[in-house]
Number of protein chains: 2
Amino acid sequence: MLKITRKVEYALIALRHMQSKNVDELTSTKEIANQYGIPQQLLAKTLQQMARDRILEAVQGPAGGYRILAKLDRISLKDFFEKLEGPLGMMDCYFESDCIQISACNIRVPIQRINDNLRNMFTQMTLQEVTQ
Amino acid sequence: MLKITRKVEYALIALRHMQSKNVDELTSTKEIANQYGIPQQLLAKTLQQMARDRILEAVQGPAGGYRILAKLDRISLKDFFEKLEGPLGMMDCYFESDCIQISACNIRVPIQRINDNLRNMFTQMTLQEVTQ
DNA sequence: AATAAATACGACATATTTAATCGTATTTAA
DNA sequence: TTAAATACGATTAAATATGTCGTATTTATT
Ligand code: FES
Ligand code: FES
């Protein structure tokens, strides 16, 4: 439980890598994949998704690559996680109106309490302070 | 990511159920499984584990069952999670001395920062305040 | 115009983890 | 002696995460 996924991990690695460069400089998928020994195809999909989410800007063609587009200090870790992985909740039923998963569930409120704390925490942390 | 497991969920349901009874009263696995519609065998293993962890006390034989043994306000959510699921970390490598998973990983420190916040949060919450 | 190197992306395959079940043994009240 | 409960390792099934493949598109370079 509470494991970060590879997708998020690779995204963080990529961001941190790009932050160590000039803002306009481009980084290719290959460069990151080679340097950190991660699967290029998988990283590519992650970077593509970040580009769709307007966190990165993609430049196509040879000598193309990615650069950071968004203001990382304006993106909460919660938003970042949710962009990559969907709604952030400890229970599947958290976002559904009715908890049909377990009849007569008695821990809905307790779970939401934990959830709110989790979400609060990740709402207060920015992507910038994590990758800086 | 960040999903609570069924084991933890069932454990919380059981605790909450027992808290609504007199302290000495016993609750059987069957009773909880039936009432909340959860797999009896799986719940049984969870309760057995909690008994080994001295959170519950088990009474064998017919008319046996479980009752709460520990002071729930003295058990942090972190300890509870770790008893049931093992070390609580967002990365597998968090508890290993050397991060061999990714060569030249550049996010060890950032990840640990997130981890520490997580662990802090769950250290401050007690089982009592979650299930009360 | 042709080539090559990069991104874009859906579909598929594999691996890992979680969840559930099975089978059998033990305990003990009735 | 029986029945109803806990104890627990082994196995199966399901879900999720991870990785790969194939193909298309873009565009700088030649
Ligand atoms: S089924 Fe929704 S919190 Fe339990
Ligand atoms: S491999 Fe340990 S934090 Fe990256």
Side-chain angles (χ1 to χ4, degrees), chain A residues 1-11 13-14 18 25-34 36-67 69 81 84-93 101-102, chain B residues 1-11 13-14 18 25-34 36-67 69 81 84-93 101-102:
Chain A
M1 74 183 296
L2 302 182
K3 283 278 168 58
I4 224 173
T5 61
R6 293 286 183 208
K7 191 151 76 169
V8 169
E9 180 180 358
Y10 298 157
I13 288 176
M18 291 179 198
E25 209 170 338
L26 290 172
T27 307
S28 73
T29 305
K30 197 178 187 179
E31 175 183 331
I32 298 176
N34 286 344
Y36 301 96
I38 63 189
Q40 181 170 343
Q41 299 265 46
L42 189 51
L43 174 63
K45 297 179 81 164
T46 304
L47 298 184
Q48 283 157 26
Q49 187 175 352
M50 284 197 280
R52 280 195 299 271
D53 290 337
R54 312 278 300 160
I55 295 172
L56 300 180
E57 179 188 3
V59 174
Q60 287 195 329
Y66 300 90
R67 62 167 76 97
L69 174 64
F81 287 162
L84 290 179
E85 306 277 7
L88 186 63
M90 298 193 79
M91 294 280 297
D92 291 331
C93 67
Q101 311 211 27
I102 292 180
Chain B
M1 76 184 294
L2 303 182
K3 283 279 168 58
I4 225 174
T5 61
R6 294 283 183 209
K7 190 151 78 169
V8 170
E9 179 180 358
Y10 298 158
I13 289 175
M18 292 179 199
E25 208 170 338
L26 289 173
T27 308
S28 73
T29 304
K30 197 177 186 179
E31 175 183 331
I32 298 176
N34 285 343
Y36 301 96
I38 63 188
Q40 181 170 342
Q41 299 263 46
L42 188 51
L43 174 63
K45 299 181 79 165
T46 304
L47 298 185
Q48 284 158 24
Q49 186 174 354
M50 284 197 280
R52 282 195 299 271
D53 290 336
R54 313 278 301 158
I55 296 172
L56 300 179
E57 180 189 2
V59 175
Q60 288 196 327
Y66 300 89
R67 63 167 76 97
L69 173 64
F81 287 162
L84 289 179
E85 306 277 9
L88 187 62
M90 296 193 81
M91 294 282 295
D92 290 331
C93 68
Q101 310 212 29
I102 292 182

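Source: prediction; values computed, not measured. Proteins get letters first, then strands, A, B, ... in listed order; numbering begins at 1 in each.
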Checklist entry - Who passes side chain to side chain donor-acceptor pair (under 3.5 Å) against A:Ser28, sequence neighbours left out? => result none
Item to check | Nucleic acid contacts - residues 50-61 of chain B versus DNA chain C, non-hydrogen atoms under 4.0 Å | outcome: B:Gln60, B:Gly61
Item to check | Any residue meeting side chain to side chain contact (heavy atoms under 4.5 Å, CB included) with A:Thr29, in chain and number order, not counting sequence neighbours | outcome: A:Gln40, A:Leu43, A:Ala44, A:Leu47, A:Tyr66
Item to check | Interatomic spacing from CD in B:Glu9 to CD1 in B:Ile4 - rounded to 0.5 Å | outcome: 7.0 Å
Checklist outcome for this item: Of C:dT28, D:dA5, D:dA28, the nucleotide closest to the side chain of A:Pro62 is D:dA28
Item to check | Partner residues of B:Gln49 under the side chain to side chain contact (heavy atoms under 4.5 Å, CB included) criterion, sequence neighbours left out | outcome: B:Lys7, B:Arg52, B:Asp53, B:Leu84
Checklist entry - Should C:dA30 form a Watson-Crick or G-U wobble pair with both distances under 3.5 Å, which nucleotide is its partner? => result D:dT1
Item to check | N/O (side chain, B:Thr29) to phosphate O (OP1/OP2, D:dA5) under 4.0 Å | outcome: no
Next on the checklist: In whole Å, I'd like the distance from the CD atom of B:Gln49 to the C1' atom of D:dG9.
Outcome noted: 14 Å
Checklist entry - Within less than 4.0 Å of OP1 or OP2 of D:dT6, is there a side-chain N or O belonging to B:Ser28? => result no
Checklist entry - For the pair made of CG in A:Leu43 and P in D:dG19, what is the distance, rounded to whole Å? => result 11 Å
Checklist entry - So do the side chains of B:Leu69 and B:Ile55 get within less than 4.5 Å of each other, counting heavy atoms only? => result no
Checklist outcome for this item: Those residues at least two apart in sequence (or on a different chain) that pass side chain to side chain contact (heavy atoms under 4.5 Å, CB included) with B:Pro39 are B:Tyr10, B:Leu42
Pull out every protein N or O sitting under 3.5 Å from an N or O of nucleotides 14-21 of chain C, one pair per line with the distance.
from	atom 1	to	atom 2	distance (Å)
C:dA19	OP1	B:Arg6	N	3.0
C:dA19	OP2	B:Arg6	N	3.2
C:dA20	OP2	B:Tyr10	OH	2.9

